[in-house]
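What follows is a set of notes on a single structure, which appears directly below.
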Amino acid sequence: MRKPPTKTTIIAVLITLPVAALLLWLVFFEDYSRGFDAEYVGSAVCGECHSSIYPEWKRSPHANMTRSPTAESVVGEFDGGSWMLPAEARRPLVDELPAARMYQQDGKYYMALRHPVNNDYVPFEIAYVIGYQYRQVYVTREAGGVLRRLPLQWSTRRQEYFPYWNLQENSNPTLEDLWQQMGSQNSAWNLYCARCHTTHLQVLEKDANHTRAKTQWVDDGIACEACHGPGSLHVEYFERNYVNRMAAFLNSKLRGDDVAYVANARKLEKGPAMSVCARCHGSDILMGSTDIYRIYEPGRSREGRTNDLSAYFQQTALEPGRNFPPTTEVWDDGEPRGIGMLFRSMIESQCYQEAEVRCFDCHNPHDNKLPARPGILHASAISDDYCLGCHQQFRADPQAHSHHEAGTEGSFCYDCHMPRILTKLASGVLETTRTHKMSSLPSPANTLTHGMDGSPNACTLCHSAEGAQWAQDYMLKWYGDNQAGADGF
């Protein structure tokens, strides 16, 4: 009969195992550089190890941003679809025919535009479809290698085609105008737009007029390496031995170290961290800066790439009343206005400038339509708790600050400090969404000066019947002359 291990044996084992593990660690653990230059490997390689996060990302709008046309990816009407010019833009007799016809043939998708001179329909085969949540863009491949954006897009809200850029610029489309839109430099999708809609776009050749191009990218859509940087060294490091995996995991969780050879925005300083999102969502950039944004790379690559875009976050002046280009709209009071200014509105916020607010505090970075935690994207007790993490002085009695009954509209932080004043036409319908300038104050005084059309404010967005003077009287009654104190800064 085998004797049970003695107390001495147990103690010896307990001492030996950690010592052995430490020796194994010291012998086999490979240190890694914080600065690196790696190659891109593609999201499928990432999915081999990251088996829980990969499916989450795979179903996200980011992952499905750029796709080949299939029955699953196409949301527009290509089964006998058509689009007519608006009545006011039609020429008598000539424009009684559709300006465009959309159809399928031999498993391929086509948008045929009527030519303004000979009236013939010229077919354009769809090479890629872009987006699907709000609208869908269609691009065709030209002989010179340019992927050209076609002028009609599909609105998921309106369930019809519409000329997106004419709507943005408030102009009536004509056949001539639709064709001219395909001659603009920024209609060369793979030279202009694809930097945000693909991963690691490389422009190998192009001409000055954007009529010839040779480009390539690693992944369709916004994939893992678009946010985490190139992964070849990361893959090689963890493939070499299991000690690296164990050590890196412990170092990351216990000491907050970087994971080897990839970027994690949560562990980067403010500028580099926010650059991960700004690369695409900071759209108020100058035309001359597009290549800077294109060669940006998350992380700490040593050569040839920009890792921090924060110097360009506020590149475009907030000129009151600015409305061109359509991505840099500004209210008459100088506040960011259009959806293209959403990231900019956050950068203007005191919450960003004076604290450590990040996009991924609220938005799930892997499935970007989901919240980072339930409830945080809405005016709720959950989002209030996030705000009160810094603004502790209001936690005990928030009603004394909001002057609205707890749990009702107007009592939540978002209601007053993130009002719906950003306009968007993404779906072909004028809508509003929340400004991300979280330190925004209700400003009925500005509304009195510029009107609701030039300076909307949180008070009169809800109390539209009472008007701006009524709201301003209450602001003075509640907060006195020092209304800046209303946000706690």
Inset, instruction - Would you mind listing every ring pair (Phe, Tyr, Trp, His ring centres under 6.0 Å) that reaches into residues 336-376, with sequence neighbours excluded? - result: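 For residues 336-376: Phe313-Phe343.
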
Residues that [X] engages under ring pair (Phe, Tyr, Trp, His ring centres under 6.0 Å), provided they are two or more places apart:
X      : answer
His50  : none
Tyr110 : Tyr103
Tyr134 : none
Tyr312 : none

Legend entry - Inter- and intrachain pairs under side chain to side chain donor-acceptor pair (under 3.5 Å), touching residues 335-348, at least two apart: Asp284-Arg344, Gln314-Glu348, Glu335-Lys437, Arg344-Glu348

Hey, could you give me each pair passing salt bridge (Lys or Arg N to Asp or Glu O under 4.0 Å) that has a residue in [range]? Not counting sequence neighbours.
range            : result
residues 308-334 : none
residues 217-232 : none
residues 154-169 : Arg157-Glu431, Arg158-Glu160
residues 49-61   : Arg59-Asp367

Is there a donor-acceptor pair under 3.5 Å between the side chain of [X] and the backbone N or O of [Y]?
X      : Y      : answer
Trp57  : His62  : no
Arg305 : Glu297 : no
His403 : Gln399 : no

Legend entry - Centroid separation Phe124 to Tyr109 less than 6.0 Å: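 No: the rings miss the under 6.0 Å criterion.
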
Inset, instruction - Answer with yes or no after comparing the ring centroid distance for Tyr128 and Trp217 against a 6.0 Å cut-off, counting only values under it. - result: yes

Inset, instruction - Would you tell me whether Ser289 and Gln315 have side-chain atoms, one donor and one acceptor, within less than 3.5 Å of each other? - result: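 There is such a pair between these side chains.
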
Legend entry - Results of side-chain contact (heavy atoms from CB on, under 4.5 Å) for Cys416 - residues two or more places apart only: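 Cys416 satisfies side-chain contact (heavy atoms from CB on, under 4.5 Å) with Pro442 only.
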
Legend entry - Qualifying residues under side-chain contact (heavy atoms from CB on, under 4.5 Å), relative to His404, sequence neighbours excluded: Ser402, Thr408, Ser411, His463, Trp478

Legend entry - Charged tip of Arg149 within 45° of Tyr138 ring normal and under 6.0 Å: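 Verdict for Tyr138: no cation-pi partner in Arg149.
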
